[in-house]
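A short write-up of the structure that comes next.
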2 protein chains.
Amino acid sequence: MPLASRSPKADKTRNDIVRAAEKLFAEKGFRAMTLRDVTRQAHVNLAAVNYHFGSKRELMLAVIRNRFEPINVERLRRLDALMAKHLTAPIPVAAIFAALFGPLFESANTEHGPDRALMQLIGRAITEPADFMRSMHKVFFNELSQRFMAELRRSCPQLSEEALQYRFFFVINTMLGTIIEQARLENLSGGTLDATDFDKLVKQLTDFAVAGFIQTDATP
Amino acid sequence: MPLASRSPKADKTRNDIVRAAEKLFAEKGFRAMTLRDVTRQAHVNLAAVNYHFGSKRELMLAVIRNRFEPINVERLRRLDALMAKHLTAPIPVAAIFAALFGPLFESANTEHGPDRALMQLIGRAITEPADFMRSMHKVFFNELSQRFMAELRRSCPQLSEEALQYRFFFVINTMLGTIIEQARLENLSGGTLDATDFDKLVKQLTDFAVAGFIQTDATP
DNA sequence: GTCTATAGAACGATAGAC
DNA sequence: GTCTATCGTTCTATAGAC
């Protein structure tokens, strides 16, 4: 593993490998993504993976970090912007959820159309059995959730701590489940709904999450 | 693959294999679950898998069918009971969701404590890349969702077809996400919430889903 | 930095004795 | 039905030429 590989050629090879690995991991999962697949798709030699990353595992960490980190940075940036805008006043719940959902779904909605690989990637990263991946996700997720829950606590003082925790848990699960199962939206609707319309999806998702989060009593 | 293996000895071997395969698949996923692992855990010979199931793939189908089928049968049984009870009157949305969530979470709540392997199994079955598993899940899921959506349509005539489909999609995703991520509930709450309290979890989940499903407008 | 070649291990599946 | 033994394949990782 090179400590300082900064030649343009090496960076291109590195990036090609990461991109190919992301695509194949999203499609197949960690075990089924073989280094032979990756190097064939990246048009590099099999040995290049171990030269640049040391192992399949280190390559996988690079893939995850490459995608998760920018999304979470942007989420916290938007939350900070909301706090700066509202000062000590409580932030609307819908705005907090928009900061949480937006960067994720926008990352999956490129100018070249929806990036299904990314949505699958994030979904798969959650369920992947390997311990090193689960612990990495925990690091990413814990910091983020504590920051968002603190703001939700301020915005919804009427909620008990228990209700707050359960409902934030459900909101996260709805978001994650929607990413994982997103491809099934068209299936479910018999083809009438457009799974690539991210703006509408996020709008509907936010409405759903807000209603579930702030509800005060059960209804018929 | 024996066409009629009904000896007690063979049944025990078969069941031991299915049980071991379920546990290992839940922990590791399809690719990482090796037949050597399975037969070692089941205390049977490696060749027994191919004798009883023909292939690793057929074994996996048996594992999934063994768990999914009873849960879905019970879901539809409860939905039928609700229809018989309410006749032509609309069924309360909360009751419909209880029929959808109940059998799943009850299956995971045995008398010997929570069956984390089952919850992981179902979560993993959803994200597993293998095509034969995705198509199997589709068969199970489509029939079920059409039945439940038909009743929700009757109970919520005020909802547009589009809203109905989006929201049912989110409800399913919340349920699935909650199963997959269930182990993280304690983590999220810093240990104050008890992830093994299924009654409370299902109650909270149902309230959340109902509120999100029937909401009429966005709120601050 | 990138290649060829290959070591070394693990896999699914099967043949054939009992 | 269950065993041992093994075939043929595929994998990660590495050694060494260029």
Side-chain angles (χ1 to χ4, degrees), chain A residues 1-64 124 128-133, chain B residues 1-25 27-64 128-133:
Chain A
M1 200 176 355
L3 289 180
S5 64
R6 290 289 156 259
S7 83
K9 180 79 174 284
D11 277 356
K12 172 168 167 27
T13 299
R14 254 190 84 100
N15 286 342
D16 286 350
I17 292 172
V18 169
R19 228 190 314 273
E22 177 185 294
K23 180 171 180 295
L24 290 167
F25 170 71
E27 283 172 7
K28 306 177 159 196
F30 181 70
R31 266 299 264 260
M33 172 199 85
T34 70
L35 295 185
R36 279 171 172 77
D37 278 347
V38 171
T39 53
R40 200 177 305 126
Q41 182 128 129
H43 300 105
V44 301
N45 188 270
L46 173 61
V49 170
N50 279 289
Y51 175 75
H52 283 284
F53 299 93
S55 69
K56 182 182 179 181
R57 180 192 167 114
E58 290 292 322
L59 167 59
M60 201 57 239
L61 291 179
V63 168
I64 296 294
R124 195 168 302 289
E128 195 61 34
D131 284 342
F132 73 94
M133 289 206 42
Chain B
M1 200 177 354
L3 289 180
S5 64
R6 288 288 155 261
S7 83
K9 180 81 172 282
D11 277 356
K12 172 169 166 27
T13 299
R14 254 190 85 99
N15 286 341
D16 286 351
I17 292 172
V18 169
R19 229 190 315 273
E22 177 185 295
K23 180 171 180 295
L24 289 168
F25 170 71
E27 284 173 7
K28 306 176 160 197
F30 181 69
R31 269 294 269 259
M33 172 199 85
T34 70
L35 295 185
R36 282 170 172 80
D37 277 347
V38 171
T39 52
R40 201 177 305 125
Q41 182 128 131
H43 300 106
V44 301
N45 188 270
L46 173 62
V49 169
N50 279 288
Y51 175 76
H52 283 284
F53 298 93
S55 69
K56 183 181 180 182
R57 182 192 166 112
E58 291 292 321
L59 167 60
M60 201 58 238
L61 292 180
V63 168
I64 298 293
E128 195 62 33
D131 285 342
F132 74 95
M133 288 207 43

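Below, chain A is the first sequence line, B the second, and so on; all start at residue 1.
Of the side-chain N and O atoms in T13(B), none sit less than 4.0 angstrom from OP1 or OP2 of dG1(D). Residue T34(B) places no side-chain N or O under 4.0 Å from the OP1 or OP2 atom of dA10(C).
Between the CZ atom of F53(B) and the C1' atom of dA13(C) there is a distance of 16 Å, rounded to whole Å. dG1(D) atom C1' lies 14 Å from atom CZ of R14(B), rounded to whole Å. Taking atom CZ on R31(A) and atom P on dA9(C), their separation rounds to 16 Å, with Å as the unit. Between R40(A) atom CZ and dT4(C) atom P the separation is 14 Å, expressed in whole Å. In this structure, CG of N50(A) is placed 15 Å from C1' of dG16(D), rounded to the nearest angstrom. To the nearest angstrom, P of dT2(C) lies 10 Å from CG of D11(A). The OH-C1' distance, from Y51(B) to dG16(C), rounds to 15 Å in whole Å. Straight-line distance from the CD atom of E58(A) to the C1' atom of dA13(D): 14 Å, rounded to whole Å.
Side chain of Q41(A) to backbone of L24(A): no donor-acceptor contact under 3.5 angstrom is found.
Taking the side chain of S55(B) as heavy atoms from C-beta on, and the options dA13(D), dA13(C), dG1(C), the nearest nucleotide is dA13(C). Listed nucleotides: dC3(D), dT14(D), dT2(D). Nearest to the side chain of H52(B): dT2(D). When distances are taken from the side chain of N45(A) to each of dG12(C), dG1(D), dT4(C), the shortest belongs to dT4(C).
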Take V49(B) and K56(B), measure what side-chain contact (heavy atoms from CB on, under 4.5 Å) needs, and give me the verdict at the end. CA-CA 7 Å; V49(B) 169; K56(B) 183 181 180 182; 5.8 Å; no

Where do D37(A) and R40(A) land on the salt bridge (Lys or Arg N to Asp or Glu O under 4.0 Å) test, with the steps shown first? CA-CA 5 Å; D37(A) 278 347; R40(A) 200 177 305 126; 3.4 Å; yes

Could you please spell out the steps behind the salt bridge (Lys or Arg N to Asp or Glu O under 4.0 Å) verdict for R19(A) and D16(A)? CA-CA 5 Å; R19(A) 228 190 314 273; D16(A) 286 350; 3.6 Å; yes

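Residue-level contact check: A47(B) touches the bases, meaning some heavy atom is under 4.0 Å from a base atom.
Across all non-hydrogen atoms, the minimal contact from V38(B) to I17(B) is CG1-O, 3.8 Å.
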